[in-house]
Amino acid sequence: MNSTEDSGSKCPISSFTIQSILGTTSEGARKENSKGGLQRKRTRSVSSEECSAAEDTSDCFCSEPGDREPCNRHEPLNFSCLNSTKGITQGQSAVERRQHLTHALFQDYREDRERPCSQISSISEERPRDGEDKHNNSGKKKTRTVFSRSQVYQLESTFDMKRYLSSSERACLASSLQLTETQLKYWCWATFLHFSNTLTQTTMTGSNEFKLNQGPEDSISAVKFSPSTAQFLLVSSWDSTVRLFDVGGNSMRMKYQHLAPVLDCAFYDPTHAWSGGLDMQLKTHDLNTDQDTIVGTHDAPIRCVEYCPEVNVMVTGSWDRSVRLWDPRTPCNAGTFTQPEKVYTLSVAGDRLIVGTAGRRVLVWDLRNMGYVQQRRESSLKYQTRCIRAFPNKQGYVLSSIEGRVAVEYLDPSLEVQKKKYAFKCHRLKENGIEQVYPVNAISFHSVHNTFATGGSDGFVNIWDPFNKKRLCQFHRYPTSIASLAFSNDGSTLAIASSYMQEQGDISHPEDAIFIRQVTDAETKPKST
């Protein structure tokens, strides 16, 4: 932040506003709301069908268990539900607002780090104006500024999106928020100091992993990072909620309710979330105004929710044997397409949609021409398909099954390319001389290196190099099954949902939790040959 202040400059709000600073438009009025939360405990796993068909002989390259080898749509994230009680049950405290800035802001202030603390006021404390007689205020308690929710949201959003403001921009921002420039500067300084202390503590501990606070109260179904930042994480759960977490601040920003357990969620853009589940309703939630909209319904529970940016369409897959497309601008249903069996998983590869159904079937659709199925395939794995994820380079996909196997497939149907496909065993442990085989529940790709992580019901997370057919590393064992994984958009962070998936029925199990791990190139980058 520039320490000089252009006190004489005036800027009309009508011609220079927050939106002109950020280059965005207003999201509309914010609304405070309070809403009771209906919670239902789950009684069965997401899918339990077993398939019986011949398995193709596949190559296995994984090491023995236990071995270790070394946007144009961006908008300010002005979430307006801070301290809102919507979706918070009685007895729970409201979410505390985030009080730190990002590393880039730390760099802006690094020249002023050694400034004596006695020269810095608190977040809402005002100093006497220059030239004012200090004796006039002797014996009087200093006034404290109370920032409104909307002011806090806009301040945080502004500095998240644009971390350096000129004196004229600062003056106009203060004017539009009905604050003085002094109040604005003090808010920035106090927030920066909090961030500096947090950064020092993290550096001293040297930990690269932590557990999120205020996690779901029942099994976790999906975790998804914001498409523009690693700071915000969307989490759906069997406790009928969808939660938004501030990863950097380790706090829950907000949550909203469904009528039944939520099976999947996705970001449309940084300020809009979509979700669906056992209530058969597809919802979109405005994270600025904290308002729900029911876009439409399926005839059975909604299992998958994904966004395709190339075609600008939301895609849902359901146990009603259909895939439906939704226009997020209206929003409305843009088409319904019948599948041969229940939809268990789906993934988007550019303008192509890969759908995995019961019966080990895999269908490839062209989202620009849904009049016919582009490819019909059968999984090369013997048992039920659990997860499909497309390569970031859009050339193929990775498929996992409930029988501890993963297959690497390619979309090009030519014989030359199809010779490259393979499958391998993983997530198997030898216990008392008997090999225990676990489902591979989750797959997530690193967007930079095209490597991928798998998570299984054995509680392990493995990172794989699909090109050299090697396992790069294996993390420590987590308390229970890995239900979902998500790399951040820049590949620096991995969200790990450790959540019991009812594999052994309704028994006592470790607490469901979400772990955030900072990953390195040594763990995720392919080794040069």
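The figures that follow rest on heavy atoms only: side chains count, while hydrogens, waters and symmetry mates do not.
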Test item: side-chain donor near acceptor, [X] and [Y], under 3.5 Å:
X      : Y      : value
Thr451 : Trp464 : no
Gln504 : His509 : no
Asn462 : Gln474 : yes
Ser457 : Asn441 : yes
Thr316 : His298 : yes
Trp238 : Ser221 : no

I'd like to know if the side chain of [X] reaches the main chain of [Y], judged simply by a donor and an acceptor atom lying under 3.5 Å from each other, with no hydrogens or angles considered.
X      : Y      : result
Glu341 : Arg321 : no
Lys527 : Ala522 : yes
Asp264 : Val305 : yes
Asn432 : Ile434 : no
Thr330 : Cys332 : no

Less than 4.5 Å apart, any side-chain heavy atom of [X] and any of [Y]?
X      : Y      : answer
Ser484 : Ile514 : no
Ser481 : Glu503 : yes
Gln375 : Pro413 : yes
Met370 : Leu325 : yes
Asp290 : Leu287 : no
Tyr422 : Val406 : no
Val247 : Phe210 : yes
Gln257 : His285 : no

Please report the shortest heavy-atom distance between [X] and [Y], naming the atom on each side.
X      : Y      : value
Ser498 : Pro479 : OG-CD, 3.6 Å
Ser240 : Leu259 : OG-C, 4.4 Å
Thr284 : Pro331 : CG2-CG, 4.5 Å
Ala453 : Val461 : CB-CG1, 4.3 Å
Arg389 : Ile443 : CG-O, 3.2 Å
Phe267 : Phe225 : CD1-O, 3.4 Å

Let me confirm one number: the [atom1]-[atom2] distance from [X] to [Y], rounded to the nearest 0.5 Å.
X      : Y      : atom1 : atom2 : answer
Thr357 : Arg303 : OG1   : CZ    : 13.5 Å
Ser237 : Asp218 : OG    : CG    : 5.5 Å
Ile302 : Ser318 : CD1   : OG    : 6.5 Å
Ser380 : Leu399 : OG    : CG    : 7.0 Å
Phe487 : Thr493 : CZ    : OG1   : 9.5 Å
Ser499 : Asp512 : OG    : CG    : 3.5 Å

NZ/NE/NH1/NH2 to OD/OE distance under 4.0 Å, [X] and [Y]:
X      : Y      : value
Arg352 : Asp366 : no
Lys420 : Glu409 : no
Asp465 : Lys470 : no

For the residue pair [X] and [Y], categorise the inter-ring angle as parallel (less than 30°), tilted (30 to 60°) or perpendicular (more than 60°).
X      : Y      : result
His446 : His449 : parallel
Tyr307 : Tyr268 : perpendicular
Phe452 : Phe391 : perpendicular

Quick one: are the ring centres of Phe515 and Tyr478 less than 6.0 Å apart?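 Yes, close enough.
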
Using the benzene-type ring in the case of Trp, are the ring centres of Trp365 and Tyr372 under 6.0 Å apart? no

Could you check Val362 against Glu378 for side-chain contact (heavy atoms from CB on, under 4.5 Å), going step by step and ending with a plain yes or no? CA-CA 6 Å; Val362 178; Glu378 185 177 84; over 6 Å; no

Partner residues of His427 under the ring-ring contact (aromatic ring centres under 6.0 Å, His included) criterion, sequence neighbours left out: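 His427 satisfies ring-ring contact (aromatic ring centres under 6.0 Å, His included) with no other residue.
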
A cation-pi test, strictly: NZ or CZ of Arg517 under 6.0 Å from the centre of the six-membered ring of Phe475 and no more than 45 degrees from its axis. Yes or no?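 Yes.
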
Please determine if Lys469 forms a cation-pi arrangement with Phe424, meaning its NZ or CZ atom is less than 6.0 Å from the six-membered ring centre and no more than 45° off the ring axis.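 No, a cation-pi geometry is absent between Lys469 and Phe424.
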
Option passing salt bridge (charged side-chain N to carboxylate O under 4.0 Å, His left out) with Glu403 (candidates Lys382, Lys425, Arg428):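 One option only clears the test, and that one is Arg428.
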
